[in-house]
Amino acid sequence: MTQQSGRSLIEVIGVMAIAGIMTISALRAYNIMRTNQKRTIADAELEQIAQNTKLLMEMRGDYTGVSVDYLVKAGALQSGRAPIGGEDWSITASTDGTSFLINLVDLTSGECDYFSAIKKKWVSQILVNGFETGYSENCFKSDTNQVSFVVK
């Protein structure tokens, strides 16, 4: 009688299941790293936007008339592309002109939580979906969140 060598179907399925779990874990880790990198880059871009806007507009004494288009034309922004979120983002002056708001729209609930959780040193106040907050309790569970950074 001859002996046959090889693997049983159960062993092959077991190896494939382990490989599948490892692949899913690697993809999840990659997505987490990519999301964190995207948020870190957006943080740096937002701080740079705030600094450039302050430098450009402080000479006038107020921030009236500030907008994304104005900052692009003045050279304070390289482009009108949103740092994160939807493309309908904006930069607006407060009603009294003493501060300006960087408004990010169409943020996911995770992005909303991230940007509203920690107050940055360059931000005076954070508004989440129109409410003043220091917490992420005002973030919606959908991709329609708006976070506004008030800069003085």
Side-chain angles (χ1 to χ4, degrees), residues 13-152:
I13 290 173
V15 168
M16 289 177 64
I18 292 170
I21 291 170
M22 291 175 64
T23 302
I24 290 170
S25 298
L27 288 174
R28 177 74 176 136
Y30 172 76
N31 284 335
I32 289 171
M33 288 186 314
R34 197 176 91 204
T35 300
N36 288 340
Q37 180 183 24
K38 184 177 164 184
R39 289 175 180 169
T40 301
I41 291 170
D43 261 342
E45 285 182 17
L46 289 167
E47 184 174 6
Q48 190 65 46
I49 290 167
Q51 288 175 353
N52 290 349
T53 303
K54 284 175 103 174
L55 284 173
L56 180 67
M57 303 298 284
E58 275 184 340
M59 293 183 286
R60 291 180 28 187
D62 68 359
Y63 295 106
T64 55
V66 69
S67 69
V68 173
D69 291 335
Y70 178 80
L71 295 173
V72 169
K73 289 175 185 173
L77 291 178
Q78 292 179 350
S79 73
R81 186 182 60 81
I84 197 165
E87 292 302 315
D88 291 335
W89 76 296
S90 63
I91 300 174
T92 56
S94 63
T95 54
D96 61 0
T98 60
S99 61
F100 63 93
L101 290 82
I102 301 173
N103 308 297
L104 300 176
V105 296
D106 298 335
L107 297 175
T108 65
S109 60
E111 291 167 343
C112 181
D113 289 339
Y114 175 80
F115 286 109
S116 63
I118 300 171
K119 185 176 172 185
K120 316 294 188 247
K121 62 184 175 186
W122 53 271
V123 175
S124 304
Q125 181 182 16
I126 299 174
L127 303 174
V128 177
N129 295 318
F131 298 101
E132 181 181 350
T133 183
Y135 311 101
S136 59
E137 64 191 22
N138 294 325
C139 293
F140 301 138
K141 298 297 179 201
S142 62
D143 295 349
T144 60
N145 292 292
Q146 177 176 341
V147 175
S148 300
F149 301 101
V150 181
V151 183
K152 291 189 180 198

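Keep in mind that what you see is a predicted model, and the values were worked out from it rather than measured.
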Heavy-atom count around Lys152 NZ within 6.0 Å, excluding the residue itself: above 12?
->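 Atom NZ in Lys152 is not crowded, with 12 or fewer foreign heavy atoms closer than 6.0 Å.
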Gln37, CD: over 12 other non-hydrogen atoms inside 6.0 angstrom |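 Atom CD in Gln37 is not crowded, with 12 or fewer foreign heavy atoms closer than 6.0 Å.
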How long is the straight-line distance from [atom2] of [Y] back to [atom1] of [X], given to the nearest 0.5 Å?
X: Ile49; Y: Gln51; atom1: CD1; atom2: CD; answer: 11.0 Å
X: Ser148; Y: Leu101; atom1: OG; atom2: CG; answer: 5.5 Å
X: Tyr63; Y: Met57; atom1: OH; atom2: CE; answer: 8.5 Å
X: Asn31; Y: Asn36; atom1: CG; atom2: CG; answer: 11.0 Å
X: Asp106; Y: Thr144; atom1: CG; atom2: OG1; answer: 7.5 Å

[X] and [Y]: which non-hydrogen atoms are nearest, and at how many Å?
X: Gly85; Y: Leu107; answer: CA-CD2, 3.6 Å
X: Pro83; Y: Ala42; answer: O-CB, 3.9 Å
X: Arg60; Y: Gly65; answer: NH2-N, 4.5 Å
X: Val128; Y: Cys112; answer: CG1-SG, 3.5 Å

Stepwise, does the side chain to side chain contact (heavy atoms under 4.5 Å, CB included) test hold for Arg81 with Glu45?
-> CA-CA 11 Å; Arg81 186 182 60 81; Glu45 285 182 17; 3.7 Å; yes
Taking [Y]'s backbone N and O only, do any of them form a donor-acceptor pair with [X]'s side chain (distance below 3.5 Å, no angle check)?
X: Asn129; Y: Asn138; result: yes
X: Trp89; Y: Gly80; result: yes
X: Ser94; Y: Ser99; result: yes

Matching residue for Tyr70 among Thr53, Leu56, Leu77 - test: side chain to side chain contact (heavy atoms under 4.5 Å, CB included) =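 Between Tyr70 and the candidates, side chain to side chain contact (heavy atoms under 4.5 Å, CB included) is satisfied uniquely by Leu56.
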Which one of Val147, Leu104, Val151 satisfies the side chain to side chain contact (heavy atoms under 4.5 Å, CB included) criterion with Leu46?
->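 Single side chain to side chain contact (heavy atoms under 4.5 Å, CB included) partner of Leu46 among Val147, Leu104, Val151: Leu104.
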Evaluate the side chain to side chain contact (heavy atoms under 4.5 Å, CB included) criterion for residues Phe115 and Ile84: first the C-alpha distance (whole Å), next the side-chain angles of each, then the deciding distance (0.1 Å), finally the verdict.
-> CA-CA 11 Å; Phe115 286 109; Ile84 197 165; 3.8 Å; yes
Could you give me the CA-CA distance, side-chain angles and deciding distance for Thr92 and Ser90, then say whether side-chain hydrogen bond (donor to acceptor under 3.5 Å, both in side chains) is met?
-> CA-CA 6 Å; Thr92 56; Ser90 63; 5.1 Å; no
Is the NZ or CZ atom of Lys121 both under 6.0 Å from the centre of the six-membered ring of Phe149 and within 45° of that ring's axis?
->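 No, cation not above the ring by the 6.0 Å, 45° rule.
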Have Ser67 and Asp69 got a donor and an acceptor in their side chains that come within less than 3.5 Å?
->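 No, no side-chain donor-acceptor pair sits under 3.5 Å.
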